[in-house]
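Structure first, then comments.
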Amino acid sequence: MALYTVFGGRGFIGSEIVKQLNSLGHDVFVPKRNDERIFSQDLGCVIYCAGYGDCNAPFDVLEANVSLLKCILQQAKFDYLLYISSTRVYMNQTSSSETTNLTICSDDNRRLFNLTKLIGEEICLKSKRKVCIVRPSNVYGVALNSPLFLPSITRNAITSGKVDMYIPREYAKDYVSVHDVASCCINLASSQESYGEVINVAAGFNVSASEIANTLIKYTDCDVIWHEVRDFNEIFPTTDISKLKKYIASFSPRNVLSDLQDMVENFKQVL
């Protein structure tokens with residue numbers, strides 16, 4: 001069995017990766033913050049999922065998405081590194097293939113996140129180390145205390161019987177299961193045939209806010225209140241997963257609308 005080092009291994013995506021690696025019998029090292037051992041011992045295969053997305057803390061975003069990564073690429077001993085980026089870089093673009101020309105939207109209050117993810121990708125590719133970049137779409141799973149969209153509205157549907165929607169009904173994004181993301185990352189990191197590649201990991205189809213609302217109503221009998229939203233400027237093209245399927249031909253993503261029923265039941269048991 002192989003040695004894996006998972007940065008961010010206590011987070012939402014990272015903990016699922018660690019869980020799957022353990023179930024496969026691999027040795028897994030999850031460094032704590034400021035663990036100096038990362039520069040003195042062999043890290044094996046590195047999976048870097050230590051990202052940060054709250055742009056109200058800009059230096060934390062830079063540290064997690066770029067600075068620590070840069071130090072690892074420069075100083076650490078490892079065989080291969082897989083960097084987890086994001087398909088958010090495709091927001092308001094006309095295409096979502098990995099070779100799409102990307103622009104940064106000036107009126108996006110999370111543009112620092114997109115910028116740092118792209119910088120992280122580029123220093124990986126320019127480092128002359130064996131690397132692969134994975135861009136997952138909107139990752140979902142049972143994360144009870146998560147501030148993200150799906151967990152938040154699911155909690156509200158159960159605890160208060162009401163969901164406030166501050167997005168248009170037709171607003172649509174690609175949602176990918178955390179289980180699928182972890183499995184793909186391990187598969188790509190294990191084969192190492194993806195050296196030097198940027199690869200989308202997504203369901204490959206968008207789901208609208210209206211579809212999600214109707215599913216919550218079906219399984220929780222909640223009320224959904226649609227608030228008027230002016231100047232809403234987020235559009236996501238359907239994520240292209242053709243390259244992913246070249247590497248993982250058997251990839252068959254889960255459907256968030258089917259999984260939402262299970263999420264509701266799991267939340268109810270805990271809440």
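Heavy-atom basis, side chains included; hydrogens, waters and symmetry copies ignored. In this text, all values refer to a predicted model and were calculated from it rather than measured experimentally.
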| task | Apply side-chain contact (heavy atoms from CB on, under 4.5 Å) to Val256 and Ser177, showing your working. | result | CA-CA 7 Å; Val256 65; Ser177 162; over 6 Å; no
| said: For a side-chain contact (heavy atoms from CB on, under 4.5 Å) check, start with the C-alpha distance between Leu82 and Val46, then their side-chain angles and the critical distance, and finish with the verdict. | reply: CA-CA 6 Å; Leu82 183 140; Val46 172; over 6 Å; no
| Working for side-chain contact (heavy atoms from CB on, under 4.5 Å), residues Tyr219 and Leu260 | CA-CA 9 Å; Tyr219 294 117; Leu260 196 52; 5.7 Å; no
| Stepwise side-chain hydrogen bond (donor to acceptor under 3.5 Å, both in side chains) test for Asp174 and Ser137 | CA-CA 6 Å; Asp174 185 299; Ser137 63; 2.7 Å; yes
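With respect to Glu197 and Lys243, a salt bridge is recorded, a charged nitrogen being found less than 4.0 Å from a carboxylate O. Taking 4.0 Å as the cut-off between side-chain N and carboxylate O, Asp108 and Arg88 count as a salt-bridged pair. A salt bridge links Glu121 with Arg135: the distance from a Lys NZ or Arg NE/NH1/NH2 to an Asp or Glu carboxylate oxygen falls below 4.0 Å.
A 6.0 Å sphere centred on CG of Asn101 holds no more than 12 heavy atoms belonging to other residues, nucleotides or ligands. Dense packing is recorded around CG of Asp107, with more than 12 heavy atoms of other residues, nucleotides or ligands lying under 6.0 Å away. In Ile104, the CD1 atom is crowded: over 12 heavy atoms of neighbouring residues, nucleotides or ligands sit closer than 6.0 Å.
Using a 3.5 Å distance cut-off with no hydrogens or angles, the side chains of Thr215 and Gln261 do not pair a donor with an acceptor. Side-chain polar atoms of Ser23 and Gln20 form no donor-acceptor pair below 3.5 angstrom. Tyr80 and Ser194 share a donor-acceptor pair across their side chains, judged by distance under 3.5 Å alone. Tyr52 and Asn65 are not linked by any side-chain donor-acceptor pair at a separation below 3.5 angstrom, with hydrogens and angles left out of the test. Between the side chains of Thr99 and Ser97, at least one donor-acceptor pair of N or O atoms lies under 3.5 Å.
What you find for Asp180 and Arg254 is that their closest heavy atoms are OD2-N, 2.9 Å. Across every non-hydrogen atom of Pro168 and Ala209, the tightest pair is O-CB, 3.6 Å. In terms of heavy atoms, Cys132 sits closest to Ile199 at SG-CD1, 4.0 Å. Looking at every heavy atom in both residues, Ile167 comes nearest to Val229 through N-CG2, 3.7 Å. Among all heavy-atom pairs drawn from Arg37 and Phe29, the shortest one is NH2-CE1, 3.6 Å.
With a 4.5 Å cut-off on side-chain heavy atoms, Tyr48 and Leu68 count as touching. Between Ile241 and Val201 the shortest side-chain heavy-atom distance does not fall below 4.5 Å. The shortest side-chain heavy-atom distance between Met165 and Phe149 falls under the 4.5 Å cut-off. At least one side-chain heavy atom of Ile84 sits less than 4.5 Å from a side-chain heavy atom of Ile17. Residues Thr87 and Asn200 meet the side-chain proximity criterion, which asks for heavy atoms closer than 4.5 Å. At a threshold of 4.5 Å between non-hydrogen side-chain atoms, the residues Cys55 and Arg110 count as touching.
When each of Ile212, Asn206, Asn255 is tested with Tyr175 by the rule side-chain contact (heavy atoms from CB on, under 4.5 Å), just one qualifies, namely Ile212.
A parallel orientation is assigned to the rings of Tyr166 and His227, their planes being inclined by less than 30° (bins at 30° and 60°).
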